[in-house]
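Reviewing the structure listed below.
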There are 2 protein chains.
Amino acid sequence: MTWTPQDDPDRSPEVPAGKTRDALRAAHLYYMQDLTMDAIAAELHTSRSSVSRLLSHARASGLVEISIHSPLDLPSRLEQEILARHEIAAHVVPVPDQASDVDRLDRVALSAARILGRFIDSNQLVGVAWGSTMSAVSRHLVPKSTHNSEIVQLNGAGNLRTTGILYASELLRRFGDAFGAKVQQFPVPAFFDDPATKEAFWRERSTKRLLELQGRLDVALFGVGSPFAEVASRVYQGGYLEREDYAALSADGVVGDVATVFYRADGSSEGIPLNERATGPDFGVLRRAPRRICVVSGRAKLPSLRGAIAAGLITDLITDEGTARALVEHA
Amino acid sequence: MTWTPQDDPDRSPEVPAGKTRDALRAAHLYYMQDLTMDAIAAELHTSRSSVSRLLSHARASGLVEISIHSPLDLPSRLEQEILARHEIAAHVVPVPDQASDVDRLDRVALSAARILGRFIDSNQLVGVAWGSTMSAVSRHLVPKSTHNSEIVQLNGAGNLRTTGILYASELLRRFGDAFGAKVQQFPVPAFFDDPATKEAFWRERSTKRLLELQGRLDVALFGVGSPFAEVASRVYQGGYLEREDYAALSADGVVGDVATVFYRADGSSEGIPLNERATGPDFGVLRRAPRRICVVSGRAKLPSLRGAIAAGLITDLITDEGTARALVEHA
DNA sequence: AACTCGCGTGCACAAACGTGCAAGGAGACC
DNA sequence: GGTCTCCTTGCACGTTTGTGCACGCGAGTT
């Protein structure tokens, strides 16, 4: 076996080039030529188990891409219905209705992570919000190497008890790693206590730079928060909000949030005091991104989802079947 | 289970739409969500074996597409060498050197069939030659639905003993089926006995129509024939040529043929008498096709391959590793 | 030098998968 | 209505694949 000295330069934990090469070859033999792993092991002079692991590696690292095309004459009823009704390209993830909410989230996140590669490309600015949904997605991303793209954090993540930085930065880092992109953190709390502090912060040059990036995103990626659903979202259980904030939201008729910016059922977000202290981008700013992908799982989030749609925040939707069905059974 | 009356309209042997739908759903669950077939069986209210079969169907019918991307920093040495040296986009199929020639052919054909989908698209005119290589490829094609594309037979297939029509038409039909394309047969012998007959035939309107199609192909697909290799190609064993033809070829310094048109090592094809009686397209005509894909397996065909390259017939090459390696180890 | 830590390997076992086969069901034809 | 044929289904079996574990090697540390 000839030894090539250089390492695979595009992976952070250095993977020997030989491994990638073997994985590539194994993948060819397995997926293009239908050999069994045993046969491949013989060709590569290794054991079958190693081949199994090589193939896992090949899939996990994006060397092998598996995509599913519905024939054009048979796109999911739901997807075309959603397109017709809301002008949103939907990706419906099949999940049985009796599945638990955690299952549902996992499965939607897994599917979402795997189709995200289609949306993210070189030379793009990608805004990512954080929350339980995005966190689940981030754990399943399939690497895809891009050049000159950046991941931009959409909203702050600090709270009363912890800085939250770890949680959010871990999430962002996973995106950065997966796409070989630079990560732009936004080291502020999720909500300021005092709007004035926010304003002051917003005048800082480092903040301005970030806001400027947010203003010219190519892709925005987010979930929706659902303050009053049984399954509370990250923002609503992590000590980010006080009891009185909660009450205020309720009084204002808030149905959800995107990147910690709240809105009502009609999509409006003006006059909600908490937004003055929130760190997420204005919807006006967010809407400048040509592609705005929303990942939602669970019917409990339906009202929030409807609100986000009403606000015109979404161009692409990834959601489970039950939620999609509920969405088109119009209220 | 709701019953939808209409059938899947794009498959010749009618497949119920329900089946495609189930296959699609199974594929999502299997490939996007990593469920086991057991779990999928439960969701679809069927048995695990049926799920296994659904998934096979999904793969075989192109619902699921598996592609392999080499990282851009690690394209096969061979492929980039061939590109640099011959300006040909090569696809090297890994095959161990000690593999038998039949194995080699099978494996190259299988891989070729699976990547062909990338080259053939809607609204295209695709010329296909026939021979053992193309026949092997045709047996593994993965369907891809296209609109308004046509498959055009490049050369006649009759010989002294049989009309050869069955063989060639079966091959062409498989291509047509796989891409949902109309098939244009070319019902003439591989070689006329008398050049005059050919000329007469060439004045027929039906022939002219076909030649006109051949003149504006978008893609041409062919193998290379190798008259003097141990493993004789279809043309050289099927009773298409007489002993004296053979001798004449040898005397003319012929090293191979593409679609029954012969050429020398330097790529020239002028002054080879047999070509006056052959039914394949002139290289001048062939070269009008912007994309000309050649599938070759086995080092025995190397001289023929070199000749075809010298003649400028090839823009894309699909071949086994050994042949590719031999190609760059320049003679 | 000895030790530890991390990583890759093969083994062995369990889980997951493909497929021949027989049974059942839906037309089609008589 | 019968019956013949073709297709689909689930079962059972053998094969193929994933993975915990123990071992061994090499790099870095004391």
Side-chain angles (χ1 to χ4, degrees), chain A residues 1-8 11-61 63-64 66 68 106-107 110 114 139-140 142 177, chain B residues 1-8 11-61 63-64 66 68 107 110 139-140 142 177:
Chain A
M1 194 156 296
T2 58
W3 163 248
T4 18
Q6 83 275 29
D7 281 348
D8 196 353
R11 301 272 164 270
S12 334
E14 267 111 46
V15 174
K19 177 168 179 179
T20 305
R21 226 132 67 105
D22 284 354
L24 220 41
R25 175 175 271 258
H28 268 284
L29 297 174
Y30 192 76
Y31 290 109
M32 299 281 121
Q33 297 183 27
D34 293 342
L35 299 198
T36 73
M37 295 187 180
D38 252 323
I40 298 171
E43 290 200 16
L44 298 191
H45 309 292
T46 180
S47 73
R48 195 188 51 70
S49 9
S50 295
V51 174
S52 171
R53 284 186 266 256
L54 273 180
L55 288 171
S56 296
H57 170 73
R59 283 184 304 252
S61 61
L63 289 161
V64 172
I66 300 181
I68 297 177
D106 269 354
R107 291 173 60 169
L110 192 50
R114 289 187 173 172
R139 272 190 290 274
H140 300 294
V142 179
D177 284 357
Chain B
M1 197 158 294
T2 58
W3 165 247
T4 18
Q6 83 275 30
D7 281 348
D8 197 351
R11 300 273 164 270
S12 336
E14 266 111 49
V15 174
K19 176 167 180 178
T20 304
R21 225 132 67 106
D22 283 356
L24 220 42
R25 175 175 273 258
H28 268 284
L29 297 174
Y30 192 76
Y31 290 109
M32 299 281 122
Q33 296 183 26
D34 293 343
L35 298 200
T36 73
M37 294 186 181
D38 253 323
I40 298 172
E43 289 200 15
L44 298 191
H45 309 293
T46 180
S47 73
R48 194 186 52 72
S49 13
S50 296
V51 175
S52 171
R53 284 187 268 255
L54 274 180
L55 288 172
S56 296
H57 170 73
R59 282 183 305 251
S61 61
L63 261 44
V64 172
I66 300 182
I68 296 176
R107 291 173 58 168
L110 191 50
R139 271 190 290 275
H140 299 294
V142 178
D177 283 357

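Sequence lines set the chain letters: A, B, ... in the order given, protein chains first and strands last, and positions in each chain run from 1. Basis for what follows: all heavy atoms, side chains included, without hydrogens, waters or symmetry-related copies.
In this structure, NE2 of A:H45 is placed 17 Å from C1' of C:dG10, rounded to the nearest angstrom. Atom CG in A:D38 sits about 14 Å away from atom C1' in C:dA12, given to the nearest Å. Computed from coordinates, the A:Y30 OH to C:dC17 C1' distance equals 9 Å when rounded to whole Å. D:dT16 atom P lies 16 Å from atom CG of A:L29, rounded to whole Å. Taking atom CG on B:L54 and atom C1' on D:dT9, their separation rounds to 11 Å, with Å as the unit. A:M37 has its CE atom 13 Å from the C1' atom of D:dT15, to the nearest Å. The distance from atom CD1 of B:I40 to atom P of C:dA16 is 12 Å, rounded to the nearest whole Å. When rounded to the nearest whole Å, the span between CG of A:D34 and P of D:dT16 equals 13 Å.
Tested against B:L54 for a side chain to side chain contact (heavy atoms under 4.5 Å, CB included), the candidates B:I40, B:L44, B:L24 yield a single pass: B:L44.
At the heavy-atom level, B:S52 lies under 4.0 Å from base atoms of the strands shown. At a threshold of 4.0 angstrom between heavy atoms, the contacts of A:T46 are confined to the sugar-phosphate backbone, with no base atom among them.
A salt bridge does not link B:R48 with B:E43: none of the charged nitrogens is closer than 4.0 Å to a carboxylate oxygen. Classification of B:D34 and A:R114 as a salt-bridged pair holds, one side-chain N sitting under 4.0 Å from a carboxylate O.
Each of C:dC17, D:dC21, C:dA12 was ranked by its minimum atom distance to the side chain of B:R48; first place goes to C:dC17. Closest to the A:R59 side chain, of the nucleotides C:dG10, D:dC11, D:dG18, is D:dG18. Across D:dT16, D:dA12, D:dT19, the shortest atom-to-atom separation from the side chain of A:S49 is found for D:dT19.
No donor-acceptor pair under 3.5 Å is formed between the side chain of B:T46 and the backbone N or O of B:A42.
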